[in-house]
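A short worksheet on the structure shown next.
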Amino acid sequence: MTASSGGYRERNSTADRTLTVLGMFSDNRLHISAVEVADTLDCARSTAYRYLQTLVSTSFLEEAPHGGFRLGIRVMELARLARRSFSLTEIALPVMRALADELGETVLLTRLVDSAVICIERCEGANQLIRLSYERGSRLPINAGASALVLLAWLRESQARELLAREPLQSFTESTLVDIDSLMNRLSEIRANSVSVSVAEVDPDVIGIAAPVFGDNGAVVAALSVVTMRRRVPPKRLDDLVSAIAAASSTLSNQIVVRDG
């Protein structure tokens, strides 16, 4: 087994050294020289230059205007493809986990799919005391709750009205809005505040706070929200939750823009 492993490494020594050269780049080293490559690989400068020229010929590197070598267009193309290979939920999960642990509450990621609001991911805090039953794939009301209203708020008014008029709107509590004109006024307020706070609209004991997640084209691609029991949110804590949700949604939006950019 040892001999076989050694043989594999020997057969791929050129690939290993090529990857080592690419791995020399960092935030603090955007250019490399043949001398630095030779020192890193512990080889002759002519050998190092041969590796560099191979990378230049395949567009992984290019010669820098003022000497040395920098990363080439092929690396940027691969980076773009790598970013696009991550799904929305894969990008969102680390942000959601951090937020759930910070707040000790349930965090949801929802999307508008056709005319339905769907929970596509959920996270709970590591030390969370109260757990709410929002499951992945569950369908949420379109006219009530922080997430649904955030997803509607950035649509064109005609589109939002059309979605709300497709089916009779259900009233869940005394706080649920079922009049479309009243809902449109509510959506306008949400856009102005960049956050939605829903108190007892779906469940009389539950409060939700949601903020929009934007894609690279400026459209809302999802809503990030926290849901918890009303008794756990005195006025001072509500401000903290709103700030935390707004910051997390901004972080997630920036990461999506980087992926799709």
Side-chain angles (χ1 to χ4, degrees), residues 92-93 95-112 116-154 160 163-164 168-213 220 222-252:
L93 271 172
V95 176
M96 295 176 67
R97 290 191 186 108
L99 184 63
D101 288 343
E102 175 191 349
L103 302 179
E105 307 289 357
T106 301
V107 174
L108 305 179
L109 186 71
T110 55
R111 295 194 73 174
L112 191 61
V117 177
I118 304 296
C119 174
I120 61 172
E121 191 55 83
R122 60 167 287 169
C123 282
E124 294 177 334
N127 299 311
Q128 188 168 330
L129 299 177
I130 298 176
R131 303 185 184 277
L132 302 177
S133 58
Y134 289 86
E135 300 300 328
R136 298 175 189 87
S138 59
R139 179 170 177 161
L140 308 180
I142 197 168
N143 64 307
S147 291
L149 298 184
V150 158
L151 292 170
L152 290 175
W154 274 265
L163 287 175
L164 290 168
L169 299 179
Q170 185 174 353
S171 179
F172 302 92
T173 72
E174 293 181 353
S175 300
T176 306
L177 294 178
V178 294
D179 176 72
I180 293 180
D181 287 333
S182 297
L183 280 163
M184 297 310 300
N185 290 333
R186 177 79 185 283
L187 297 184
S188 179
E189 293 173 358
I190 291 170
R191 282 195 307 275
N193 296 325
S194 297
V195 68
S196 172
V197 178
S198 165
V199 181
E201 290 183 8
V202 179
D203 185 307
D205 298 318
V206 172
I207 184 171
I209 304 101
V213 177
V220 171
L224 185 68
S225 65
V226 60
V227 288
T228 187
M229 305 301 291
R230 291 175 64 184
R231 66 177 182 271
R232 290 176 54 81
V233 189
K236 176 58 174 71
R237 188 170 189 237
L238 177 59
D239 292 340
D240 294 337
L241 291 177
V242 168
S243 296
I245 284 289
S249 66
S250 178
T251 296
L252 182 52

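Only a predicted model underlies this, so the values are computations on that prediction, with no experimental measurement involved. All residue numbers refer to positions in the sequence shown, counting from 1.
- The structure places CG of L252 at 6.5 Å from CG of L224, a figure rounded to the nearest 0.5 Å.
- In this view, A200 and S175, R230 satisfy the side-chain contact (heavy atoms from CB on, under 4.5 Å) rule, not counting sequence neighbours.
- Applying the side chain to side chain donor-acceptor pair (under 3.5 Å) rule to D179 yields the partners S182; only residues at least two apart in sequence or on another chain are considered.
- R97 pairs by the side-chain contact (heavy atoms from CB on, under 4.5 Å) definition with L93, C123, not counting sequence neighbours.
- Separation of atoms CD (E124) and CG (L108) is listed at 9.5 Å; rounding is to 0.5 Å.
- In this structure, CG in N185 is found 11.0 Å from CD1 in I190, a value given to the nearest 0.5 Å.
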Stepwise, does the side chain to side chain contact (heavy atoms under 4.5 Å, CB included) test hold for R122 with L109? CA-CA 6 Å; R122 60 167 287 169; L109 186 71; over 6 Å; no
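- A search for side-chain contact (heavy atoms from CB on, under 4.5 Å) contacts involving A116 returns I118, R139, not counting sequence neighbours.
- Contact record, V95 with A248: CG1-O, 3.7 Å, taken as the closest heavy-atom pair.
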Which pairs of donor and acceptor atoms, one on a side chain in residues 141-149, lie under 3.5 Å apart (sequence neighbours left out)?
{"residue": "N143", "atom": "ND2", "partner": "Q170", "partner atom": "O", "Å": "3.2"}
{"residue": "N143", "atom": "ND2", "partner": "L177", "partner atom": "O", "Å": "2.9"}
{"residue": "S147", "atom": "OG", "partner": "S225", "partner atom": "OG", "Å": "2.9"}

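- One distance of note links CD1 of I245 with CD1 of I209; it measures 7.0 Å at 0.5 Å rounding.
- Residues forming a side chain to side chain donor-acceptor pair (under 3.5 Å) with R186 (at least two apart in sequence, or on another chain): E201.
- Residues satisfying the side chain to side chain donor-acceptor pair (under 3.5 Å) test with S196, not counting sequence neighbours, are none.
- Not a single side chain to side chain donor-acceptor pair (under 3.5 Å) links S249 to another residue, sequence neighbours left out.
- Screening L163, V150, L140 for a side chain to side chain contact (heavy atoms under 4.5 Å, CB included) involving V117 leaves a single residue, L140.
- Of the inter-residue distances, the one linking I207 atom CD1 with L238 atom CG reads 5.0 Å to the nearest 0.5 angstrom.
- Side chain of D203 to main chain of D205: a donor-acceptor pair is present (N/O by atom type, distance under 3.5 Å, no hydrogens or angles).
- When all heavy atoms of G104 and R232 are compared, the pair lying nearest together is O-NH2, 3.7 Å.
- Residues in residues 237-247 take part in these side chain to side chain donor-acceptor pair (under 3.5 Å) pairs, two or more places apart or across chains: E105-R237, K236-D240.
- From L152, atom CG reaches atom CG of L183 across 8.0 Å, with rounding to the nearest 0.5 Å.
- Shown here are the side-chain contact (heavy atoms from CB on, under 4.5 Å) partners of S194, two or more places apart in sequence or in another chain: there are none.
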